[in-house]
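For reference, the structure discussed in these notes is given below.
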Amino acid sequence: MYRSEDEKLTDVMIGEAVLTLLKSDKPVSSNALIAQLELMAADADDNAKVSVIRKAITEVRNGMVAARKRVQADGTERDKNTHRMNSDGPPDGSKKH
C-alpha cells in the first residue's frame, strides 16, 4: 500500500515488458523479461526512465535468486524425509481406488 513512486514505476516497466513479450508471442520467463527490459533501457532517451528500468531488472534478478533459494530449501527439506517404497503392490483383494 505504501509504495514509493519509484516502486510503482518499476512495476509499470515490468508490466510493459511483459505485455511486449506477450504481444510479440514470445515466451515469458525471467530471462526473457530481463532481455526485454534491457532493450527498453537501450531505447530510452530519458536518464530517469533508464534508472527505473535498471531497478526493474534488479528486482527481477532478485526474484530469480529468491525463487532459486526457495527451491533449494524445499529440496533439502525433502531430503530429510524418508519414504518407504516397495514393489510389492497392493495387498491381494484390495482395490487400487
Side-chain angles (χ1 to χ4, degrees):
M1 288 260 165
Y2 300 103
R3 298 173 55 85
S4 71
E5 194 63 29
D6 268 358
E7 290 172 323
K8 290 177 186 176
L9 290 173
T10 298
D11 289 345
V12 169
M13 289 298 121
I14 291 171
E16 284 184 22
V18 169
L19 285 174
T20 301
L21 290 171
L22 290 172
K23 285 180 182 178
S24 62
D25 216 18
K26 294 180 181 175
V28 178
S29 67
S30 297
N31 290 330
L33 186 56
I34 290 170
Q36 182 60 43
L37 286 166
E38 287 173 346
L39 287 173
M40 291 168 61
D43 290 343
D45 53 356
D46 181 12
N47 286 338
K49 188 173 182 177
V50 171
S51 175
V52 170
I53 294 171
R54 294 282 170 217
K55 287 178 186 177
I57 292 170
T58 300
E59 188 171 318
V60 172
R61 285 189 176 137
N62 289 343
M64 291 171 65
V65 169
R68 198 172 304 125
K69 285 181 181 178
R70 248 188 335 269
V71 167
Q72 288 172 348
D74 287 347
T76 6
E77 189 63 33
R78 258 187 249 123
D79 291 343
K80 291 179 185 176
N81 297 330
T82 58
H83 300 279
R84 296 179 188 215
M85 301 181 84
N86 58 39
S87 60
D88 295 342
D92 292 333
S94 68
K95 293 185 179 180
K96 193 171 187 178
H97 296 282

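Note that this is a predicted model, so its numbers are computed, not measured.
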Worksheet entry | From T58 atom OG1 to I34 atom CD1, the distance as rounded to the nearest 0.5 Å | 9.0 Å
Worksheet item: Minimum heavy-atom separation for A32 to P27, with atom names?
Response: CB-O, 3.5 Å
Fill in: Donor-acceptor contact present, side-chain T10 to main-chain D6, <3.5 Å
yes
Worksheet item: Taking a hydrophobic cluster as the set of Ile, Leu, Val, Met, Phe, Trp and Tyr residues connected by side-chain heavy atoms closer than 4.5 Å, whether directly or through intermediates, do V12 and V60 fall within one such cluster?
Response: yes
Worksheet item: So, for A44 and V50, which heavy atoms are closest and what is the spacing to 0.1 Å?
Response: CB-CG2, 3.6 Å
Discussion item. Let's go through V65 and R68 carefully: what are the C-alpha distance in whole Å and the side-chain angles of both, what is the deciding distance for side chain to side chain contact (heavy atoms under 4.5 Å, CB included) to 0.1 Å, and is it a yes or a no?
Written reply: CA-CA 5 Å; V65 169; R68 198 172 304 125; 4.3 Å; yes
Worksheet entry | Basic-acidic side-chain contact under 4.0 Å: K55, E5 | no
Discussion item. As an exercise, state the distance from CE of M13 to CG of L37, rounded to the nearest 0.5 Å.
Written reply: 9.0 Å
Discussion item. Let me check something: do V52 and L39 share a hydrophobic cluster, defined by ILVMFWY side-chain heavy atoms less than 4.5 Å apart, either directly or through other members?
Written reply: no
Worksheet item: Hey, does L19 have a side-chain heavy atom less than 4.5 Å from the side chain of E16?
Response: no
Worksheet item: To the nearest 0.5 Å, what is the distance between CD1 (I53) and CD1 (I14)?
Response: 11.0 Å
Worksheet item: Are the side chains of R54 and E38 in touch, meaning some heavy atoms are under 4.5 Å apart?
Response: yes
Practice prompt. Enter the distance from M64:CE to N31:CG here, rounded to the nearest 0.5 Å.
Written response: 4.5 Å
Item to complete: Quick one: pull up CD1 in I57 and CD in Q36 and give me the separation to the nearest 0.5 Å.
Response: 10.5 Å
